[in-house]
Participant: 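First the structure, then my questions, so here it is.
Keep in mind that the numbers below use all heavy atoms, side chains included, and drop hydrogens, waters and symmetry copies.
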Protein chains: 2
Amino acid sequence: MAAGEESRERILEAAEELLRRFGPEKFRIVDVAQALGMSHGNIYRYFSDKEAILDKIAQRWLAKITGPLQEIVSGRTATAATRLEEWVLALMRLKRRKATADPELFRTYQAIAEASRDVVAEHIRHLIAQLAEIIRNGTEAGEWNVRSPTKAAEAILNATTFFHHPAFVSRPGPQPTEANALDTLKLLIAGLKSGVV
Amino acid sequence: MAAGEESRERILEAAEELLRRFGPEKFRIVDVAQALGMSHGNIYRYFSDKEAILDKIAQRWLAKITGPLQEIVSGRTATAATRLEEWVLALMRLKRRKATADPELFRTYQAIAEASRDVVAEHIRHLIAQLAEIIRNGTEAGEWNVRSPTKAAEAILNATTFFHHPAFVSRPGPQPTEANALDTLKLLIAGLKSGVV
DNA sequence: CAAATGACAAAAATTGACAATTGTCATCAG
DNA sequence: CTGATGACAATTGTCAATTTTTGTCATTTG
């Protein structure tokens, strides 16, 4: 392990623990230091500031989304259409499950992710890349007729935002159903055949 | 004018003026009363509470969106596909223009609308009804093949949320372009031909 | 009698003094 | 020389006291 990497790791773990326990607004650098039995000044040897710690935690959280989705991208057993549907539904379910199981914690991660704009942008690029791969597969298999898989992937991610974006998933009140998502997906998938993108 | 309607109207006008000037968090019933030279207790003869005033203002604001869109719905000159595209783009532009022209004021209206959940729900039903009409026209004209125009309308409104929802329109940072919206719309419109909904 | 007042209790917002937190850095320990 | 400390100024958060605002209602006005 590279020099200092272990300390970085310990700090992140302690930080995440405190974040889960007390939420983002009561998250204190001094408390992280105390939990580790070190002076708070020392934390700054490993992270430039509080934000850098939160960025890293947000990054790890988002990786727990793209991880499971990658299996759907790589699992080449089903048709591309089925995988695309499954990918979107899985994204929707992953977010929903976390939001329902522990709304407090979900809002915590949502808040820190929202503050880490670059981290989120990278996450979105990753999601688009995954979707683009499924679309490319479908085109190569003759299932669809798509000139620009990346453009199509962006269009589909944008079009399904309502179903999986944390801002909507954590909204109070009635949520859209999977059936709603499938209606939208059916239209989009039919569109992929037609060569418009 | 029905009894008391004039007073209601004057109160709403004064309230909106204060709201525009000082924003939603500094909006005070007592100030509305003072602006009209009446005691604040008298306001409650016309509105059950502060929320009722804000609901009404939100309702009027949202009506300024559906109004212009209705012209696209009713103007039967172009093809349904063109009108559907124009309708979504118009919705996007209306929101964007307001958000860009005066971000502060946009956030004010957004905040009060967000608090008036029933008013927003009604607005969304209205939008769906407008879209459904365009879709019904397209189906009757043989342009598309849609069994349930309302379902299709919902699916399309959901799919374009990212482009016109106030929460996204008022987000800092880069906004999706009209070209992005058109990519999504092309897929959706192609889907309408295929009879999947 | 419809329209308006103003006094009132309860709730909510504001203030300001005080405490805690952040981030830096000169210094220390091994 | 790397890792850690603790004292420090500046910023940010807390909380109880105080003020303002809300919503009601018995009473007044024209």
Participant: Rounded off to whole Å, could you give me the CG-to-P distance for the A:Leu36 and D:dA4 pair?
Facilitator: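 Taking atom P of D:dA4 as the reference, CG of A:Leu36 is at 11 Å.
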Participant: Compare the minimum distances between each of D:dT5, C:dG23, C:dT5 and the side chain of A:Ser39, then state the nucleotide with the smallest one.
Facilitator: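 Taking heavy atoms from C-beta onward, the closest nucleotide is D:dT5.
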Participant: Report the nucleotide, chosen from C:dT21, D:dT22, D:dT5, that has the shortest atom-to-atom distance to any side-chain atom of A:Asn42.
Facilitator: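 Per side-chain heavy atoms of A:Asn42, the pick is D:dT5.
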Participant: If only side-chain N and O atoms count, and only distance matters, is there a donor-acceptor pair under 3.5 Å linking A:Asn180 with A:Thr177?
Facilitator: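 Side chains of A:Thr177 and A:Asn180: pair found under 3.5 Å.
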Participant: From the set C:dA4, D:dT5, C:dT5, return the single nucleotide nearest to any side-chain atom of B:Arg45.
Facilitator: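 So the side chain of B:Arg45 is nearest to C:dA4.
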Participant: Tell me: CD1 of A:Ile53 to P of C:dG23, nearest whole Å?
Facilitator: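 These atoms are roughly 9 Å apart.
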Participant: Below 4.0 angstrom, N of the basic side chain to O of the carboxylate: do A:Arg125 and A:Glu122 qualify?
Facilitator: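 Counted as a salt bridge, because a side-chain N and a carboxylate O are separated by less than 4.0 Å.
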Participant: Does the side chain of B:Tyr46 pick up a donor-acceptor pair with the side chain of B:Glu6 at under 3.5 Å?
Facilitator: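 No - no donor-acceptor pair under 3.5 Å links their side chains.
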Participant: Find the distance A:Phe47:CZ to C:dT21:P and express it as a whole number of Å.
Facilitator: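 To the nearest whole Å, that distance equals 20 Å.
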Participant: Heavy-atom nearest nucleotide on DNA chain C for A:Phe27 versus B:Gly37: which residue maps closer to 5'?
Facilitator: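 The residue closer to the strand's 5' end, by nearest nucleotide, is B:Gly37.
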Participant: When only distance counts, do a donor and an acceptor, one from the side chain of B:His40 and one from the base of D:dG23, lie under 3.5 Å apart?
Facilitator: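 Between D:dG23 and B:His40, which were checked side chain against base, a qualifying N/O pair under 3.5 Å is present.
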Participant: Please tell me which of the listed nucleotides, C:dT24, D:dG3, D:dT22, lies nearest to the side chain of B:Lys50?
Facilitator: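 The listed nucleotide nearest to B:Lys50's side chain is D:dT22.
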Participant: Pick the closest DNA chain D nucleotide for B:Asp49 and for A:Lys26 by heavy atoms, then say which residue is nearer the 5' end.
Facilitator: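 In this pair, the answer is A:Lys26.
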